[in-house]
Novice: 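Let me give you the structure first, and then I'll get to my questions.
Here the structure is a predicted model, which means the values were calculated and not measured.
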Amino acid sequence: MHNQDWLVDHLRHDGVVKHPDVEAAMRQVDRGHYVDRAIPRAYAYQDAPLPIGYHETISAPHMHATCLELLREHLRPGARVLDVGSGSGYLSAAMGIMVAPTGKVIGIEKHPELAEQSIRNVRVDHAELLDSGVVELRAGNVLGNVLEREEAFDAIHVGAAASSLPDVLVQKLKPGGRMVIPVGPQWEYQVMQCIDKDEHGHIRKHDLMHVRYVPLTRPGESDWEP
């Protein structure tokens with residue numbers, strides 16, 4: 001029977017999950033709790049994106065694993081993490097496992113209904129992450145003003161495609177930090193970029209792979225596909 005361990009075993013076999021800390025986090029966060037309840041449970045453990053409503057998806061497990069591997073050196077206990085477009089809450093929970101007990105993951109989702117659903121998802125799977133304050137999920141738009149009062153982050157994951165690298169996110173990345181973000185035109189293929197900020201604040205960009213994500217939109221901007 002397919003389950004979370006079966007899924008992670010396959011990701012390990014395929015070389016996507018490489019390190020024990022990423023493996024442990026993905027084994028502990030059960031994807032079955034983060035997909036639409038109307039979808040047959042066995043589908044939750046297939047390596048494919050699934051719809052979660054509001055024109056959004058939960059990413060394929062290999063993309064979650066890839067992003068965790070790229071960020072893992074910055075997902076240490078005590079780290080501050082931003083998850084943009086947190087959707088179902090899956091990756092916020094996995095990163096919360098990695099930075100606990102002293103770290104903080106803030107997941108921001110532009111659709112309030114999805115933000116509320118993600119809180120319910122995490123509460124079913126790992127209520128202690130919410131109760132301890134390690135994971136905080138809320139509605140908002142990072143291209144608005146929701147980050148104004150936030151301190152900088154050690155790691156930033158962006159789960160939606162930006163047409164260009166957003167200055168507000170670069171500014172909120174700590175020196176020595178890393179951001180993973182898809183960049184490119186809406187509703188077409190984009191490039192997953194790894195953004196590193198050195199101790200002097202200089203930015204280095206690395207193009208990693210072609211991907212296709214829903215768009216990162218500004219407040220009031222439509223995210224419907226033309």
Novice: Could you tell me the separation between the CG atom of Leu208 and the CG atom of Leu70, rounded to the nearest 0.5 Å?
Specialist: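 Result: 5.5 Å between the selected atoms.
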Novice: Starting from Ile181, walk the hydrophobic network (Ile, Leu, Val, Met, Phe, Trp, Tyr; side-chain heavy atoms closer than 4.5 Å) and list everyone else you reach, by chain and number.
Specialist: Leu82, Val84, Ile106, Ile108, Val142, Leu143, Val146, Leu147, Phe153, Ile156, Val158, Leu165, Val168, Leu169, Val170, Leu173, Met179, Val183, Ile195, Ile203, Leu216
Novice: Between Lys104 and Glu136, is there a salt bridge with N-O shorter than 4.0 Å?
Specialist: yes
Novice: Taking Ser118 for the side chain and Gly89 for the main chain, is one N or O donor matched with an acceptor at less than 3.5 Å?
Specialist: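 Not a single qualifying donor-acceptor pair exists.
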Novice: For a quick test of reading the model, state the closest non-hydrogen atom pair linking Ala65 to Val22 and the distance between them.
Specialist: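 Heavy atoms of Ala65 and Val22 come nearest at O-CG1, 4.4 Å.
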Novice: Could you tell me whether the side chains of Gln117 and Asn121 share a donor-acceptor contact shorter than 3.5 Å?
Specialist: yes
Novice: Cut-off 3.5 Å, side chains only: do Glu128 and His126 have a donor facing an acceptor?
Specialist: yes
Novice: Does any part of the side chain of Arg31, heavy atoms only, come nearer than 4.5 Å to the side chain of Pro61, both counted from C-beta?
Specialist: yes
Novice: To check you understand the geometry: which heavy-atom pair defines the closest contact between Ala94 and Leu68, and what is its length?
Specialist: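 For Ala94 and Leu68, the tightest heavy-atom pair comes out as CB-CD1, 4.0 Å.
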Novice: How close do Gly32 and Ala44 get, heavy atom to heavy atom, and via which atoms?
Specialist: CA-CB, 3.8 Å
Novice: If Ile, Leu, Val, Met, Phe, Trp and Tyr residues are connected whenever their side-chain heavy atoms lie under 4.5 Å apart, and connections chain through other members, are Ile52 and Ile39 in the same group?
Specialist: yes
Novice: Could you tell me if the side chain of Lys197 sits less than 4.5 Å from the side chain of Lys174, heavy atoms only?
Specialist: no
Novice: Going by heavy atoms in the side chains, are Arg123 and Asp131 under 4.5 Å from each other?
Specialist: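 Side-chain contact under 4.5 Å: yes.
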Novice: Check whether Glu109 reaches the backbone of His111 with its side chain - one donor and one acceptor, N or O, closer than 3.5 Å.
Specialist: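 Yes, Glu109 side chain to His111 backbone: donor-acceptor pair under 3.5 Å.
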Novice: Starting at CG of Leu114, measure out to CG of Leu137 and round the result to the nearest 0.5 Å.
Specialist: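 Reported value, rounded in 0.5 Å steps: 11.5 Å.
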Novice: Would you say the side chain of Leu71 lies within less than 4.5 Å of the side chain of His157, judging by non-hydrogen atoms?
Specialist: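 Yes. Closest side-chain heavy atoms under 4.5 Å.
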Novice: Check whether any side-chain heavy atom of Tyr90 lies under 4.5 Å from a side-chain heavy atom of Val35, and answer yes or no.
Specialist: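 Sidechains of Val35 and Tyr90: no contact.
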Novice: If you round to the nearest 0.5 Å, how far is OH of Tyr213 from CD of Glu56?
Specialist: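 Glu56 atom CD to Tyr213 atom OH measures 12.5 Å (nearest 0.5 Å).
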Novice: Please give me the minimum heavy-atom distance between Ser86 and Gly107, naming the atom from each residue.
Specialist: OG-C, 3.4 Å
Novice: Do the non-hydrogen side-chain atoms of Glu69 and Glu23 ever get within less than 4.5 Å of each other?
Specialist: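 They are not in side-chain contact.
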Novice: Is the closest basic N to carboxylate O distance between Lys172 and Glu150 below 4.0 Å?
Specialist: no
Novice: Using every non-hydrogen atom in the two residues, find where Val134 and Pro101 come nearest and quote the distance to one decimal.
Specialist: CG2-O, 3.8 Å
Novice: Any ion pair linking Lys205 and Asp196 (charged N to carboxylate O, less than 4.0 Å)?
Specialist: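 The answer is no: the pair does not qualify as a salt bridge.
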Novice: Membership question, hydrophobic clusters at under 4.5 Å side-chain separation (ILVMFWY): are Tyr54 and Tyr34 in the same one?
Specialist: yes
Novice: Report the C-alpha separation of Asp47 and His10 in whole Å, then their side-chain angles, then the decisive distance to 0.1 Å, and conclude whether the side-chain contact (heavy atoms from CB on, under 4.5 Å) test is met.
Specialist: CA-CA 9 Å; Asp47 190 13; His10 277 263; over 6 Å; no
Novice: Would Tyr43 end up clustered with Val124 when hydrophobic side chains under 4.5 Å apart are linked, directly or stepwise?
Specialist: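 No, because Tyr43 and Val124 fall into different hydrophobic clusters, even though each may have its own neighbours under 4.5 Å.
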Novice: Taking the side chain as C-beta and beyond, is there a heavy-atom pair between His19 and Val17 under 4.5 Å?
Specialist: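 SC-SC contact between His19 and Val17 ruled out.
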Novice: Do Val99 and Arg76 come within less than 4.5 Å of each other through their side chains, counting heavy atoms only?
Specialist: no
Novice: Treating Ile, Leu, Val, Met, Phe, Trp and Tyr as nodes and any side-chain heavy-atom pair under 4.5 angstrom as an edge, say whether Trp6 and Ile58 lie in one connected cluster.
Specialist: yes
Novice: Would you tell me whether Asp30 and Tyr45 have side-chain atoms, one donor and one acceptor, within less than 3.5 Å of each other?
Specialist: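 There is such a pair between these side chains.
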Novice: Between Arg27 and Val8 (side chain of the first, backbone of the second, donor and acceptor by atom type, cut-off under 3.5 Å), is there such a pair?
Specialist: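 Between the backbone of Val8 and the side chain of Arg27 there is no qualifying donor-acceptor contact (under 3.5 Å).
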Novice: Does the side chain of His74 pick up a donor-acceptor pair with the side chain of Asp154 at under 3.5 Å?
Specialist: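 Per modelled atom types, His74 and Asp154 side chains form no pair under 3.5 Å.
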Novice: Will you find, in the side chains of His210 and Gln190, an N or O donor that is under 3.5 Å from an N or O acceptor?
Specialist: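 Distance-only check fails for His210 and Gln190.
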Novice: Hey, are Arg204 and Asp198 close enough for a salt bridge, meaning a charged N less than 4.0 Å from a carboxylate O?
Specialist: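 No salt bridge links Arg204 with Asp198.
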Novice: If you measure from OG on Ser88 to CG on Asp36, what distance do you get to the nearest 0.5 Å?
Specialist: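 Answer rounded to 0.5 Å: 11.0 Å.
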